Structure formats: structure tokens, C-alpha cells
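Data first, discussion second: the structure below is written as C-alpha cells.
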Amino acid sequence: MITGKNITKTFRQRGGVLAGREVRALRGVDFAIEKGGAASFIGESGCGKTTLGRIIAGLETHDSGEITIDGTPMSPLKPRRREPYFRRIQLIHQDPYSALNPTRTIHQTLNAPLALRARQTRRPQSWVDERAEELLALVGLDPGYVLPRYPHQLSGGMRQRVVIARALTVDPDMLVADEAVSMIDVSLRLGILGLLKDLRERLGVSVLFITHDVATARYIGDDGELYVIYRGQVVERGHVETIISDPVHPYTQSLLSAIPVLHGLERPGEQPVVPTEALDESHHDAGCLFARRCPFRTERCVAELPVLGHAEGTPQEHACFHPERRSVVATPIGRG
Ligand SMILES: Nc1ncnc2c1ncn2[C@@H]1O[C@H](COP(=O)(O)OP(=O)(O)O)[C@@H](O)[C@H]1O
Ligand SMILES: [Mg+2]
């Protein structure tokens with residue numbers, strides 16, 4: 001079980017036109033992912049999903065807040081002492097090609113972490129090869145075909161399966177799949193999503209899905225939790241099906257209205273969603289982060305930041321002063 005309390009992260013841009021500017025990537029995020037559970041983080045590009053995923057996997061530091069893994073708070077520990085905890089959380093990112101060393105065969109790629117694992121767990125060297133084959137079969141690959149090959153000799157879908165097999169070499173408690181199917185051929189995506197779902201059921205590994213796509217979020221975790229993130233703030237959180245069938249935050253509603261076809265759900269918004277624009281994160285007044293794009297904003301929304309919580313008897317948590325079901329279209333900044 002991993003929990004985060006009030007996680008914040010600000011980046012200072014180093015180069016480019018934004019040099020020196022601060023980007024508030026995460027603004028006080030709380031999360032909890034149970035052992036064997038499923039959760040999805042969803043939100044548009046730049047909202048902080050990857051940053052949060054990397055913090056959860058121990059690959060990025062946060063500015064304030066506390067991460068607790070299996071009851072142990074991470075902040076009092078020296079980095080070296082945190083490693084065994086974070087090793088049990090494996091990140092799978094979107095590009096399986098760059099994740100694999102092109103000069104190594106799949107056999108070599110799996111061999112290194114498995115040999116280490118064998119030493120740690122006092123298993124014989126013969127276990128290494130057996131386990132490599134077992135893991136490849138588990139992710140739906142033919143070991144005889146894959147083991148002697150190099151990454152470039154495999155399809156994108158196969159490469160992502162190899163990346164997943166490599167993540168499994170350490171017997172992780174959790175897989176963090178960050179847009180893990182976005183660079184894979186559309187026809188192969190469902191297979192990878194199905195695999196992650198299957199691993200969750202068969203190995204009891206929890207899965208955190210990071211995506212900008214609601215259908216994906218729903219596919220992996222229909223019994224899981226959905227976190228809707230907008231500009232570094234969780235604006236709605238609850239059971240996936242609850243939120244999809246009855247979203248209360250206008251941002252969530254606009255996200256859902258952007259999917260023309262979603263199995264089992266009629267399109268909630270009648271009008272097409274207006275494309276989102278790049279946001280100047282350095283500029284933010286006191287009010288709701290979504291206020292400038294929200295057609296339902298009131299004076300209160302502009303003056304005060306709503307915090308995530310249960311209000312007006314909704315089953316999910318949300319950060320909106322006016323949680324109602326409406327046909328929502330997010331308006332571009334400056335207009336509306
Ligand atoms: N290493 C970094 N240095 C500077 N800014 C960063 C860095 N990583 C992310 N950011 C900024 O933080 C914000 C959130 O980014 P990210 O977590 O990648 O969002 P998402 O994955 O939702 O697209 C963006 O504005 C991005 O430009
Ligand atoms: Mg990302």
C-alpha cells in the first residue's frame with residue numbers, strides 16, 4: 001500500500017523561452033493505492049501526471065508532503081534506505097524502445113536483473129533462465145522467439161511486453177504504467193491493457209494507470225479509483241464507474257464529453273469540446289484553477305480555491321463549488 005499526503009512539486013524551467021519561470025506541477029496531491037488495487041490518473045498533457053508517477057516510483061523528488069509505503073514514511077529515510085521500498089514499484093513508460101538497451105538481446109536484458117535477484121534470494125543460477133522463460137510466457141511472448149533477439153527485431157507491442165517482463169523480475173508490488181500504450185500501434189493497445197489487467201488478477205500486483213484517455217482509464221480499473229487531475233490539483237476522485245456515469249466537476253465533464261464513443265455510455269456533452277490551450281502556470285489568482293475556462297463560474301469561484309472533499313452528498317470527492325450534472329464544454333481562456 002502506498003499513500004501520498006499533500007504532495008507538491010514546482011519546477012524551475014532551465015532553458016528555452018520559459019527559462020527561469022516556475023511551473024507548479026503538483027499542488028497538494030493526496031492519493032492511496034491499496035495492495036492489489038487499481039487506480040488511474042487522468043488529465044490533459046502537462047497536468048502533472050508523469051511527475052506524480054515518477055515521484056511514486058521514487059524517480060523524482062517532491063518538495064513537500066509525505067509518501068508512505070507499507071506504513072513506512074519515506075522522508076526520514078536516507079535515499080539508500082528508500083531504495084528497497086521504491087524497487088517494489090516499477091515504472092513502465094510510453095516508449096518501450098528507449099526503455100530497452102538496443103545493444104542487448106532480450107536474454108541479456110532479463111538476465112542481469114534476474115541474476116541479481118537469484119543472488120539476493122539464494123537461488124541457483126539455473127533459476128535465472130527458467131524464470132526468464134516463465135516471465136516471457138506470462139506476458140504472452142514466445143521465449144524461444146524473443147530471447148535471442150534485439151529490441152529492434154521486435155514489434156512495439158512485443159517490446160512493451162518485454163519491458164513489463166523486465167519490471168516483473170523484481171517481483172514488484174505495483175506497476176505504474178505511464179501512457180504505456182500511447183506509442184503502440186492501435187491494434188495492439190488492447191492486448192497490452194488486457195495483459196496489465198491480467199497481471200493484476202494473477203499476481204496481485206497493483207496497477208496505476210496514467211493516461212489522458214478516459215476509455216483507457218476505465219478499461220484497466222473498473223473496480224478502481226479514478227483521479228482527475230487539472231493543473232496539478234486532483235479535482236475529482238472516486239470510483240471509476242461513478243465518475244464516468246456521473247461526473248460532477250465541470251473539467252471532468254468536459255473530458256468525458258471529448259470522447260465520442262465510450263462503451264456503454266452515451267456522450268454526456270452535446271457540443272464538441274473546445275481544444276485546450278497552453279496555460280501560463282505562473283499566472284494564477286486566488287480562485288479555482290479551472291475558473292477561467294469554466295462556463296459556470298461564479299464570483300466565489302474566482303475568489304476562492306475549492307479543495308477536494310465530499311460535498312453535497314456526492315459519492316465521489318470533488319473540488320467544485322457547484323457540483324451539478326450539466327452538458328459542459330470547456331471554453332478557451334480569455335473568452336467565455
Ligand atoms: N524535469 C522537468 N523540468 C522542468 N519542468 C518540468 C519537468 N518535468 C515536468 N515539467 C513541467 O511540469 C508540468 C507537468 O508535467 P508532466 O508531469 O510531464 O505532465 P503530464 O505527464 O500530465 O503531461 C509541465 O508543465 C511540464 O512542463
Ligand atoms: Mg506525461
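Numbers for residues simply follow the sequence, beginning at 1. Note that the coordinates shown come from a computational prediction; the quantities given were computed from them, not determined experimentally.
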*Going by the angle between their ring planes, with limits at 30° and 60°, are Phe290 and Tyr230 parallel, tilted or perpendicular?*
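Taking Tyr230 first and then Phe290, their aromatic rings stand perpendicular (interplane angle over 60°).
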*Angle class for the His152/Tyr150 ring planes (parallel below 30°, perpendicular above 60°, tilted otherwise)?*
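Parallel, since the angle between the ring planes stays under 30°.
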Over all atoms of both residues, closest heavy-atom pair of [X] and [Y]:
X      : Y      : result
Leu154 : Val146 : CD1-CG1, 4.2 Å
Val139 : Ile164 : CG1-CG2, 4.0 Å
Ala57  : Ile89  : CA-CG2, 3.9 Å
Ala303 : Ala286 : O-CB, 3.4 Å
Ala167 : Gln90  : O-CG, 3.5 Å

Under 3.5 Å, is there a donor-acceptor pair linking the side chains of [X] and [Y]?
X      : Y      : result
Asp178 : Thr50  : yes
Thr10  : Glu22  : no
Asp185 : Ser187 : yes
Asn101 : Thr103 : yes
His212 : Ser45  : no

[atom1] of [X] to [atom2] of [Y]: how many Å apart, nearest 0.5 Å?
X      : Y      : atom1 : atom2 : value
Arg218 : Ser245 : CZ    : OG    : 8.0 Å
Ile184 : Arg161 : CD1   : CZ    : 8.5 Å
Ser64  : Lys9   : OG    : NZ    : 10.5 Å

Looking at [Y], is [X] sitting on its ring face, NZ or CZ under 6.0 Å from the six-membered ring centre and within 45 degrees of the normal?
X      : Y      : answer
Arg123 : Trp127 : yes
Arg159 : Tyr97  : no
Arg87  : Tyr85  : no

*Just do the side chain to side chain contact (heavy atoms under 4.5 Å, CB included) check on Thr252 and Ile243 with the steps written out, would you?*
CA-CA 8 Å; Thr252 314; Ile243 292 181; 3.6 Å; yes
*State plainly whether one hydrophobic cluster holds both Val176 and Leu199, where clusters connect Ile, Leu, Val, Met, Phe, Trp and Tyr through side-chain heavy atoms under 4.5 angstrom apart.*
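Shared cluster, no.
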_Name of the residue among Ile2, Val207, Leu91 meeting side chain to side chain contact (heavy atoms under 4.5 Å, CB included) with Met174_ =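 Going through the options one by one, the only one that passes is Ile2.
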Ionic contact status for [Y] with [X], cut-off 4.0 Å:
X      : Y      : result
Glu66  : Lys5   : no
Arg80  : Glu83  : no
Asp171 : Arg131 : yes

_Just to verify, which of His239, Arg237, Gln316 counts as forming a side-chain hydrogen bond (donor to acceptor under 3.5 Å, both in side chains) with Glu225?_
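Option passing the side-chain hydrogen bond (donor to acceptor under 3.5 Å, both in side chains) with Glu225: Arg237.
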So [Y] and [X], do their side chains get closer than 4.5 Å, heavy atoms only?
X      : Y      : result
Arg166 : Leu100 : yes
Val170 : Leu116 : no
Asp30  : Val234 : no

